[in-house]
Visitor: 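Have a look at this one before I ask anything.
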2 protein chains.
Amino acid sequence: MEIETRAEAFEAALRRAGVRITRQRAALLRVLAAAEDHPDATQLHQRAMAAGAGVSLATVYRTLSALEAQGMIQKLEFEGEPARFEPADGHHHDHMIDVETGEVMEFVNERIERLQAEIAAEMGYEIVRHRLELYVRRRR
Amino acid sequence: MEIETRAEAFEAALRRAGVRITRQRAALLRVLAAAEDHPDATQLHQRAMAAGAGVSLATVYRTLSALEAQGMIQKLEFEGEPARFEPADGHHHDHMIDVETGEVMEFVNERIERLQAEIAAEMGYEIVRHRLELYVRRRR
DNA sequence: TTGCATGCAAACATTTTGCAAGTAG
DNA sequence: CTACTTGCAAAATGTTTGCATGCAA
C-alpha cells in the first residue's frame with residue numbers, strides 16, 4: 001500500500017463511479033488537487049493549459065459539473081464573482097472573504113451549525129444544505 | 001402628521017438623497033413597497049407593467065441598483081436563480097429557502113450573529129456584511 | 001467496437017451599457 | 001434650461017448545449 005496523491009484518489013473515486021478518465025479529466029484532477037486557493041473555471045482552464053494539457057473551457061465546465069455531482073468538489077458562489085471550486089475534503093466548513101484583498105479563508109464552528117439546525121427545526125424544517133459567508137475586513 | 005405609505009417613505013428618502021423621482025421610479029417604488037414576496041427584476045418589471053406603468057427592464061435594473069446603493073432595498077442572490085430584491089425594513093435578517101416549494105422565509109437569531117462576530121474577531125477581522133441561507137425541507 | 005467525451009461555436013440567461021431623445025426640478 | 005433619466009438595442013458575462021468527431025474501455 002502506497003502513498004496516494006490527492007489527484008490519484010480523485011481518479012480512483014471517479015473510476016469507481018464509472019466515469020471515464022480521459023486525458024482532459026486527468027489533467028483537471030491534477031490541477032484541482034494541487035489548488036491551494038479557490039479557483040474559478042477560467043483559472044482552472046488556464047492552469048491546465050499552462051500544464052500542457054489541451055482542454056476546452058466547455059470541458060472544464062462539464063468536468064466540474066460531473067465532479068460536483070459526485071460530491072468530489074464543492075462549488076462556491078461568492079457575491080459578484082464567477083463560481084469558484086474547491087476539492088471536497090470531507091469535513092464541512094464555511095468561508096470568510098476579506099473584502100479588501102479577496103482572500104478566502106475557511107472556518108468551522110460547531111455551535112453555529114447546531115444553531116442553524118435548531119432554527120430550522122423550530123420552524124418545522126430540516127436543513128438540506130446551507131451557505132454561510134462572512135465578508136470581512138482586517139482590524140486595525 | 002399623516003400615515004405615510006411605504007412607497008411614500010421610499011420617495012421621501014430618495015428625494016432627500018437628491019435622486020429624481022421619475023414616473024418610472026415612482027411606479028417601481030410602489031411595486032416594491034407592495035411586495036410581500038421576494039421578486040426578481042423580471043417580476044418587478046411585469047408588475048409595474050401590469051400596473052399600467054411603462055418601464056423598460058433596463059430602467060428596472062438601474063433603479064434597483066440606485067435603491068440598493070441608498071440602502072433602501074436588499075439584493076438576495078440565492079443558488080441557481082436570478083437575484084431577488086426585498087425592501088430593507090431596517091432590521092437585519094437571514095433567509096431560509098424551502099427547496100421543495102421555493103418559499104422564502106426570514107429569521108433572526110442573535111446568537112448566530114454574535115458567534116459570527118466572534119469568529120471573525122478571533123481571526124483578526126471585523127464583519128462588513130454576511131450571508132446566511134438555509135436550504136431546507138419540511139419535516140414529516 | 002461502441003457509447004461516452006470532446007471541441008467548437010452558437011445559444012443562453014442575466015445584467016450592464018452607449019447613445020440619442022425625453023423630462024424633472 | 002440643463003443635467004439626470006430613459007428606452008432601445010447591443011454588449012458583456014458566465015455558463016450551457018447541439019452536433020460532428022474522437023477516444024477510453
Side-chain angles (χ1 to χ4, degrees), chain A residues 8 10-32 38-49 51-70 72-85 102, chain B residues 8 10-31 38-46 48-49 51-70 72-85 102:
Chain A
E8 284 161 356
F10 273 171
E11 261 200 47
L14 274 190
R15 242 183 263 278
R16 246 174 277 128
V19 176
R20 285 187 191 176
I21 307 302
T22 61
R23 178 180 53 76
Q24 293 87 333
R25 285 182 183 161
L28 285 169
L29 291 179
R30 261 178 272 120
V31 171
L32 267 169
H38 301 78
D40 61 29
T42 304
Q43 292 173 312
L44 289 167
H45 181 229
Q46 289 170 340
R47 291 178 197 183
M49 295 300 270
V55 198
S56 71
L57 186 55
T59 292
V60 171
Y61 275 110
R62 279 191 277 232
T63 301
L64 290 172
S65 296
L67 293 178
E68 198 197 1
Q70 299 294 330
M72 297 174 55
I73 63 173
Q74 177 94 40
K75 182 198 243 180
L76 309 174
E77 298 186 87
F78 300 143
E79 292 176 1
E81 21 173 308
R84 296 164 174 245
F85 300 85
Chain B
E8 283 162 357
F10 273 171
E11 262 200 45
L14 274 190
R15 241 183 264 277
R16 246 174 278 129
V19 176
R20 284 187 191 175
I21 306 302
T22 61
R23 178 180 52 75
Q24 293 88 333
R25 285 182 182 161
L28 285 170
L29 291 179
R30 263 177 270 120
V31 171
H38 301 78
D40 61 30
T42 305
Q43 292 174 313
L44 289 166
H45 181 228
Q46 289 171 341
M49 295 301 270
V55 197
S56 71
L57 186 53
T59 292
V60 172
Y61 275 109
R62 279 190 276 233
T63 300
L64 290 172
S65 296
L67 293 179
E68 199 197 1
Q70 299 294 331
M72 297 174 55
I73 62 172
Q74 177 94 38
K75 183 197 241 179
L76 308 174
E77 299 185 270
F78 300 145
E79 293 177 0
E81 18 173 309
R84 296 163 174 246
F85 300 85

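Small disclaimer: the values here were computed from a predicted structure and weren't measured. Labels below follow one simple rule: chain letters A, B, ... track the order of the sequence lines, proteins then strands, and each chain is numbered from 1.
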Visitor: Residues in side chain to side chain contact (heavy atoms under 4.5 Å, CB included) with B:Ala17, at least two apart?
Guide: B:Val19, B:Gln70

Visitor: Could you walk me through whether A:Gln46 and A:Thr42 pass the side chain to side chain contact (heavy atoms under 4.5 Å, CB included) test, one step at a time?
Guide: CA-CA 6 Å; A:Gln46 289 170 340; A:Thr42 304; 4.1 Å; yes

Visitor: Determine whether A:Leu76 and A:His38 make a side-chain contact, defined as any pair of heavy atoms from C-beta on separated by less than 4.5 Å.
Guide: yes

Visitor: Check step by step if side chain to side chain contact (heavy atoms under 4.5 Å, CB included) holds for B:Thr63 and B:Leu29.
Guide: CA-CA 9 Å; B:Thr63 300; B:Leu29 291 179; 5.6 Å; no

Visitor: What is the distance from CG of A:Leu64 to P of D:dT17, rounded to the nearest Å?
Guide: 14 Å

Visitor: Among residues 53-62 of chain A, which contact DNA chain D at a heavy-atom distance under 4.0 Å?
Guide: A:Ala58, A:Tyr61, A:Arg62

Visitor: Who pairs with B:Gln24 by side chain to side chain contact (heavy atoms under 4.5 Å, CB included), at least two apart in sequence or on another chain?
Guide: B:Thr22, B:Val55, B:Thr59

Visitor: Measure the distance from NZ on B:Lys75 to C1' on C:dT16 and round it to the nearest whole Å.
Guide: 11 Å

Visitor: For the pair made of CZ in B:Arg84 and P in C:dT15, what is the distance, rounded to whole Å?
Guide: 12 Å

Visitor: Using atom NE2 of A:His45 as one end and atom P of C:dT6 as the other, report the distance to the nearest whole Å.
Guide: 12 Å

Visitor: For A:Leu76 and D:dG14, give me the distance from atom CG to atom C1', rounded to whole Å.
Guide: 16 Å

Visitor: Within the structure provided, determine whether B:Asp40 and B:Gln43 are in side-chain contact (heavy-atom separation under 4.5 Å).
Guide: yes

Visitor: Contacts to DNA chain C from residues 17-29 of chain B, heavy-atom cutoff under 4.0 Å, which residues?
Guide: B:Arg20, B:Ile21

Visitor: In this structure, how many angstroms lie between the P atom of D:dT5 and the CZ atom of B:Arg15, rounded?
Guide: 13 Å

Visitor: With heavy-atom distances below 4.5 Å as the criterion, would you say the side chains of A:Lys75 and A:Leu64 are in contact?
Guide: no

Visitor: Measure CD/A:Glu77 against P/C:dT14 and give the value in whole Å, please.
Guide: 14 Å

Visitor: Taking only residues two or more places apart in sequence or in another chain, which ones pass ring-ring contact (aromatic ring centres under 6.0 Å, His included) with A:Phe85?
Guide: none

Visitor: So, using salt bridge (charged side-chain N to carboxylate O under 4.0 Å, His left out) as the criterion, who are the partners of A:Arg62 when residues are at least two apart?
Guide: none

Visitor: Check the distance between C:dT14's C1' and B:Gln43's CD and give it to me in whole angstrom.
Guide: 14 Å

